[in-house]
Amino acid sequence: MPAPSDILIHAHDGDYRVRVGDGTFTALMDASDDPVIVDAALVDAVGHPDRVIPFEAVESRKTLAGVEEIIEALRDRGVTRGRSLIAVGGGIVQDVATAAASLYMRGLPWRYVPTTVLAMVDSCIGGKSSLNVGPYKNLAGNFHPPAEVVIDPRFIATLDDEARAGGLCEAMKITFCRGDGAYARYLDLVAAMRTDGEGAAPLIAHALASKKWFIEIDEFDQAERRQLNFGHTFAHALEAATGFGVSHGIAVGIGTVAAERLAVAVDGPEHARPELVAEAVRLVRQAGDLRARLAALDRERFRTAFLADKKHGADGLHVILPAHGGTTQERVLARSDVTLRTLEQALDEAIAMMVDP
Ligand SMILES: NC(=O)c1ccc[n+]([C@@H]2O[C@H](COP(=O)([O-])OP(=O)(O)OC[C@H]3O[C@@H](n4cnc5c(N)ncnc54)[C@H](O)[C@@H]3O)[C@@H](O)[C@H]2O)c1
């Protein structure tokens with residue numbers, strides 16, 4: 001078994017290590033007796049029933065009430081100050097565990113084991129929690145980075161094709177935003193990864209090293225880190241407009257192509273990035289036939305959700321588009337019917353590429 005690789009992340013309240021490698025999860029569990037907040041679907045895979053607090057990973061429970069439930073379970077188990085926690089799961093468990101760890105007895109250190117590709121390559125670093133409030137997704141949250149992130153690619157083996165491909169869409173996006181060299185390396189590494197997670201460790205480490213640059217230079221999302229929203233304004237609107245029938249990572253894959261099409265429409269054909277489009281189409285098609293789900297797209301909801309994105313300003317609609325010569329740039333487009341029509345046309349072109357034979 002190859003030795004794990006370590007990445008050090010600098011955050012405002014201390015540095016933390018990300019360890020990537022096969023077998024790292026077992027080593028972590030054997031080395032501590034910390035209570036473990038676990039995605040309920042993974043309880044059997046995790047073992048250690050005496051230490052486990054199961055949490056059902058569904059969006060409707062990624063709420064303040066869900067956090068309260070975990071806090072209560074920690075109290076019931078007699079967890080005191082001076083202890084630390086482990087959380088095992090995808091982004092939902094990460095979000096509630098971040099919030100619970102930050103609030104329980106005014107904050108305990110915690111370690112995070114991401115179990116989806118999306119969480120492994122992206123959300124596990126950055127330290128943010130995002131909670132749903134009523135009908136609003138990710139409206140509330142805070143920063144409480146883990147003391148350590150432990151990534152064991154063996155968890156990938158039980159993910160379905162859509163979850164795996166969706167996570168890879170995020171890795172594609174991050175490395176594209178970082179620059180041509182990072183993106184070319186992503187293409188090499190993704191070709192070497194198997195669906196059971198074999199060969200995934202170098203790809204995960206590469207995506208995280210690419211994201212590290214953005215979050216260290218701009219931890220609180222004020223400037224450079226905003227580039228990572230590439231594809232996301234389209235993706236969030238697409239998720240909402242399909243009643244969340246398209247999963248987040250897959251929506252990001254479609255959103256990056258829509259953003260590329262928009263750049264060509266507003267900035268000219270030299271902004272086309274065929275190497276990005278080809279990879280996004282390859283990944284999105286792994287999610288299976290999306291025709292029915294995309295046909296259910298509600299245009300009015302798409303427009304409303306796109307316009308409601310919190311990244312827009314009084315000066316216009318803020319979108320991240322491919323820049324001429326590589327990476328991405330933030331562009332401000334006028335709030336107008338013409339812009340909305342252009343956005344929708346870009347989305348339609350992207351969707352056609354994903355579903356046409
Ligand atoms: N805080 C952040 O920085 C951040 C960043 C990106 C996304 N998110 C949030 O993350 C959430 C999405 O997270 P996600 O896509 O990682 O997954 P998830 O936590 O939503 O889980 C999706 C499904 O996969 C299952 N699952 C998890 N690991 C598995 C495994 N190894 N094998 C089989 N099934 C498994 C879960 O039980 C669940 O049914 C969204 O709520 C999103 O808002 C947060």
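Quantities reported herein were computed from a predicted structural model and do not represent experimental measurements. Start at 1 and go down the list; that is how both ligands and their atoms are numbered.
Closest heavy-atom approach to atom 26 (N) of ligand 1 among the candidates I92, N132, D39: D39. Comparing L228, D95, V58, V38 against atom 2 (C) of ligand 1, the shortest heavy-atom distance belongs to D95. With G166, G249, S123 as candidates, the residue nearest to atom 5 (C) of ligand 1 on a non-hydrogen basis is S123. When the heavy atoms of Q94, E59, H236 are ranked by distance to atom 41 (O) of ligand 1, first place goes to E59.
In this structure, K137 has a heavy atom closer than 4.0 Å to ligand 1. Ligand 1 lies less than 4.0 angstrom from a heavy atom belonging to K62. Ligand 1 has at least one atom lying under 4.0 Å from a heavy atom of N138.
In summary, E300 and R303 engage in a salt bridge, as defined by a charged side-chain N under 4.0 Å from a carboxylate O. A salt bridge links R331 with D267; the closest basic N to acidic carboxylate O contact falls under 4.0 Å.
Closest protein heavy atom to atom 7 (C) of ligand 1: L118 CD2, 3.9 Å. Residue, atom and distance of the protein heavy atom nearest to atom 29 (C) of ligand 1 are L159 CD2, 3.5 Å. The protein non-hydrogen atom at the shortest distance from atom 33 (C) of ligand 1 is T158 O, 3.3 Å. Scanning the protein for heavy atoms near atom 16 (O) of ligand 1, the closest one is T116 OG1, 2.5 Å. Among protein heavy atoms, the minimum distance from atom 38 (C) of ligand 1 is reached at A57 O, 3.9 Å. Scanning all protein heavy atoms for the shortest distance to atom 13 (O) of ligand 1 gives G91 N, 3.1 Å.
Taking distance alone, with nitrogen or oxygen atoms compared against 3.5 Å, L42 stays at or beyond that limit from ligand 1. The shortest N/O to N/O separation between F155 and ligand 1 falls below 3.5 Å. At under 3.5 Å, a nitrogen or oxygen of T115, whether backbone or side chain, sits near a nitrogen or oxygen of ligand 1. Below 3.5 Å of separation, one finds no N or O of V93 facing any N or O of ligand 1. Taking any N or O of S129, backbone or side chain, none lies under 3.5 Å from an N or O belonging to ligand 1.
Using bins of under 30°, 30° to 60° and over 60° for the plane-to-plane angle, the ring pair F234/F306 lands in the perpendicular bin. Ring pair H236/H232 is perpendicular by interplanar angle, where above 60° counts as perpendicular and below 30° as parallel.
If you number the atoms of ligand 1 from 1 as listed, the ones under 4.0 Å from a heavy atom of A41 come out as 37 (O).
Between H318 and H312, the ring centre distance reaches or exceeds 6.0 Å. Checked against a 6.0 Å centroid threshold, the rings of H10 and Y16 do not count as neighbours.
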For residues 133-145, which side-chain N or O atoms pair as donor and acceptor with protein atoms under 3.5 Å away, sequence neighbours left out?
unit_1 : atom_1 : unit_2 : atom_2 : d
K137   : NZ     : E59    : OE1    : 3.2
K137   : NZ     : E59    : OE2    : 3.2
N138   : OD1    : K62    : NZ     : 2.6
N142   : OD1    : S129   : OG     : 2.6
N142   : ND2    : S102   : OG     : 2.8
H144   : NE2    : L108   : O      : 3.0

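For the pair R273 and F176, the cation does not sit on the ring face, since its NZ or CZ is not both under 6.0 Å from the ring centre and inside 45° of the axis.
Proximity of a side-chain donor or acceptor of K211 to a complementary backbone N or O of I125 within less than 3.5 Å is detected. Judged by distance alone, the side chain of T242 and the main-chain N or O of R293 form no donor-acceptor pair under 3.5 Å.
Less than 4.0 angstrom separates atom 23 (C) of ligand 1 from none of the non-hydrogen atoms of the protein.
Around atom CZ of R17, more than 12 heavy atoms belonging to other residues, nucleotides or ligands sit under 6.0 Å away.
Partner of D348 under the salt bridge (charged side-chain N to carboxylate O under 4.0 Å, His left out) criterion, out of R261, R299, R341: R299 alone.
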